[in-house]
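Okay, so here's the structure we're looking at.
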Amino acid sequence: MAIERTLSIIKPDATRRNLTGKINAKFEEAGLRIVAQKRIHLSKAQAGVFYAVHKDRPFYDELCDFMASEPVVVQVLEGEGAVMKNREVMGATNPAEAEAGTVRAEFALSIGENSVHGSDAPETAAVEIAYFFSGLELVG
Ligand code: ADP
Ligand code: MG
């Protein structure tokens, strides 16, 4: 399998509860390397552009408010099959359905406040990484 990069976000419910290190330990234990990282506070408009794919969903407004509510950590994870590996470590969107040991099973508060974002395909990963990072900031 090829070396890939994927965008990861540690969401406000997790930064608020000081869980950044515990979550990143799971990614690193799975063999993913953090090759770019920054802590930012998104505006609602910036969150809205990031999640534009969901703009017609009933939870869109609530999702954008949540993502802009407190700081997030945006980061790029690199490794073999990084896109799917990250999704495996994250667990299902709804923490009630997430496998034991996953980030969302252990830390998520609800289907909305579910601690982490991860790109869903290599194509979306490329777009999402470019939204937050310049090439110079990716240090593999
Ligand atoms: P994922 O983050 O697992 O890729 P989606 O792309 O389907 O999930 O949804 C994006 C984000 O929108 C979710 O991580 C979650 O924060 C929020 N979300 C999804 N479904 C719901 C829902 N039914 N109610 C509230 N928030 C939701
Ligand atoms: Mg998604």
Subject >> Leu7-Leu42 co-clustered via ILVMFWY side chain contacts under 4.5 Å >> reply: yes

Original post:
Looking at residues at least two apart in the chain, or sitting in another chain, which of them share a side chain to side chain donor-acceptor pair (under 3.5 Å) with Arg16?
Top reply: Glu70, Glu113

**OP:** Mind jotting down which residue pairs meet the side-chain hydrogen bond (donor to acceptor under 3.5 Å, both in side chains) criterion with at least one end in residues 33-43? Sequence neighbours excluded, please.
**Re:** Gln37-Gln75, Lys38-Glu137, Ser43-Gln46

Subject >> Residue pair Ala100 / Ala105: nearest heavy atoms and the distance that separates them >> reply: CA-CB, 4.3 Å

Original post:
Between Glu106 and Lys26, is the closest basic N to carboxylate O distance under 4.0 Å?
Top reply: yes

**OP:** Could you tell me which non-hydrogen atom of Ala125 sits nearest to which non-hydrogen atom of Ser119, and how far apart they are?
**Re:** CA-OG, 3.4 Å

**OP:** Keeping the roles fixed (side chain from Tyr60, backbone from Tyr51), state whether a donor-acceptor pair exists under 3.5 Å.
**Re:** no

Subject >> Residue pair Thr102, Met90: steps toward the side chain to side chain contact (heavy atoms under 4.5 Å, CB included) verdict >> reply: CA-CA 5 Å; Thr102 60; Met90 288 165 58; over 6 Å; no

Subject >> Close side-chain approach of Ile111 to Phe59, heavy-atom, < 4.5 Å >> reply: no

Original post:
At their closest point, which heavy atom of Val139 faces which heavy atom of Leu136, and how far apart are they?
Top reply: CG2-O, 4.2 Å

Subject >> Close side-chain approach of Val74 to Phe133, heavy-atom, < 4.5 Å >> reply: yes

**OP:** Give a yes or no on this: more than 12 heavy atoms of other residues, nucleotides or ligands lie within 6.0 Å of atom CD of Glu80.
**Re:** yes

**OP:** Please name the pair of heavy atoms, one in Ala82 and one in Leu77, separated by the smallest distance, quoted to 0.1 Å.
**Re:** CB-O, 3.9 Å

**OP:** May I ask whether Phe27 and Leu138 are part of the same hydrophobic cluster, defined by side-chain heavy atoms of I, L, V, M, F, W, Y residues being less than 4.5 angstrom apart, directly or through others?
**Re:** no

Subject >> Rounded distance [0.5 Å steps], CD in Glu97 versus CZ in Arg104 >> reply: 11.0 Å

Original post:
Looking at Lys44 and Ala68, what are the two nearest heavy atoms and their distance?
Top reply: N-CB, 3.6 Å

**OP:** Would you confirm whether Arg17, through its side chain, and Asp13, through its main-chain N or O, come within 3.5 Å as a donor-acceptor pair?
**Re:** yes

**OP:** Would you please classify the geometry between the His117 ring and the Phe50 ring as parallel, tilted or perpendicular, with 30° and 60° separating the classes?
**Re:** perpendicular

Original post:
In Å, rounded to the nearest 0.5 Å, how long is the span from CG of Asn24 to CD of Glu29?
Top reply: 11.0 Å

**OP:** State, with a plain yes or no, whether a side-chain heavy atom of Val73 is found less than 4.5 Å away from one of Thr15.
**Re:** yes

